[in-house]
Amino acid sequence: MKGSKILETLISHINERGERKPLREHLNSVAQNTSTLLRFVGLAQTGFLAGLTHDFGKAKAEFVAYLEKSCDSNLEKKPARGSVNHTFAGVRYILENFHTQTPKTEQQMFKNFTAELVAYAVGAHHGLFDAISESGKDFLHRLNYDKKEIHYDEAKENFLELFSENEIEEIFKKAVCEIQKVKFNTKIDTALLSRLILSALIASDRKNAREFDCGLKDGEVKFDFEANLAFLENKLKSRQSDSPINKIRKKISDEISKKANLLSGIYRLNAPTGAGKTLATLRFALAHAVKKQKSRVVFVAPFLSIIEQNAKVIKEHLLAPLALLEHHSNAIKPHEGELLDSYELHCQNWQTPLITTTFMQFLNTLFDGATTSVARFCSLINSVIVIDEVQSIPPKVTYMLNETLNFLSSFCNATIVLSSATQPKFDSVKHPLNISGDLLNLSAEELKPFERVKFSAFCAPKEAMDFAEFGEFCKNLASNKNSLLVVCNTRKQARELFSSLKNENGDVFHLSTSMCVAHRKAVLEQIKKRLKSGLKCVCVSTQLIEAGVDVSFESVVRVKAGLDSLIQAAGRCNREGESENKGEVL
């Protein structure tokens, strides 16, 4: 095929309406969008090259025939999805033209590195593969793929009719210059850079295909950070700050807000339980987004109960509450047919101004191999990321997470806030976080209003109580208290203790992660209503209630655990300082 005939014949997609997407148009569009997504980090040309060559292997008659058969309603047996390889040809072209097996100069090493980054993105945009196999073979072995099997020569000839070889070479030279400017602090930065380029390519490819296939555009969610910040400030001014604890909450919020002009970095927010961290971090994030022109704010929390609670508070203090995307299992909305609705679309791309999500979704975005997870990674560029109850992060991901947060901060210009009453020492481990500073430093005098409880270690006649004795102990304690919370270490403990304490009065409640979400939410609402009304209330719970759940009991019993768990559990006792005497934590 030669000349103008190629422009008429080569296509990337056929939609349900029978419309054909010209390959050149698809490649140009994906290249432009990938370039735009990576421009902020100085990789516009690298992204453009990846987008331009990602469907190099579609420039052949075999692929056109494959698409036509796939859309032929008269065919009983249609070709299997993905049965025509269209990724390895692009990989081969990049490596064949720009990669040298034995580089002799530093410049050639940078050319090789650039070629490998682009080639991997092209080869993995429909599914990741290991760059190095268990046998030690790297992905350069794809140069050995049978040319005839992937119709390489035909694809190359046709592709170069669409885009000139000189044009590709010039873009590659500019891409090498971009990669030369990248500063790598650790070896993992290489992998994260590769993921970032791949992420932008996947996001752009899917955006273009989606718009053509089903006419569904991503649609920009309009959000004025400045107007919403002004609305929040006015809302906060109307809040009463007469009690000692509300006065210090206001002071904390004001102090953090003053730090909004700080440079992008990783900051700790170490404040006691009940210090109003949700609104304080929202205020900081909006103000920082205004002053530093950030693209979006992402709120991350460990438990669904916290996420839903925080989302409710955030929405109440926004001028445009519908701009907040809640990406977690409780918020998934059903749809009809195979077309994505706008909610699912935003969950896939995170191209929205405000997001609340779980640790799991956040960690998936950083590390998971599913292309949907990878596609979201580039959305963290130039963002504000607030990680609430950061002490709940699984220890086994600490090293990887630290290195990745460092990359997001230093290379992607993200500002990260680690919020907790019990801050882990992430800056003193083998792979430390590069902490830029603290958003808050309270004096002993300022902390006094948060001294709302007294701790007591229960001393039994012997070293420990058995479970039956513990049940009797809690039953006696409950009879003398109007409200009591007992926090257990396991679901089994909580279930058995609840069974021994429950009565006909209906004032004993049970909370556990083994309960379905709707049930757990309903029980928590009942508990909150009884506590607010001053009615008798006893709750037996697992650790799910410890972090961030806004409830306040007269007394708390915590089964023996680490100091951080004890402090978090104590945060559910006399939370508002409503009692003249200190609450009791056993």
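Small disclaimer: the values here were computed from a predicted structure and weren't measured. The figures that follow rest on heavy atoms only: side chains count, while hydrogens, waters and symmetry mates do not.
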When you check the gap from the basic side-chain N to the acidic O, do Asp427 and Arg268 get nearer than 4.0 Å?
yes
Between Phe48 and Phe172, ring centroids under 6.0 Å
no
Whether Asn85 side chain and Ile150 backbone form a donor-acceptor pair below 3.5 Å
no
In terms of side-chain geometry, is the basic nitrogen of Glu326 or Lys315 positioned less than 4.0 Å from the acidic oxygen of its partner?
yes
Non-hydrogen side-chain atoms of Arg210 and Asp213 separated by less than 4.5 Å:
no
Between His86 and His151, is the ring centre distance below 6.0 Å?
no
Would you sort out whether Glu169 and Lys173 count as a salt bridge (Lys or Arg N to Asp or Glu O under 4.0 Å), showing the intermediate values?
CA-CA 6 Å; Glu169 287 177 1; Lys173 287 177 184 177; 5.6 Å; no
Look at the rings of Tyr66 and Phe63 and say which category their plane angle falls in: under 30° parallel, 30 to 60° tilted, over 60° perpendicular.
tilted
Quick one: CD on Glu116 to CD1 on Ile94, what's the gap to the nearest 0.5 Å?
12.0 Å
Between Glu178 and Lys174, is the closest basic N to carboxylate O distance under 4.0 Å?
no
Aromatic ring proximity, centroids under 6.0 angstrom, Phe129 and Tyr120:
yes
Is there a side-chain contact between Leu405 and Ile387, using heavy atoms and a 4.5 Å cut-off?
yes
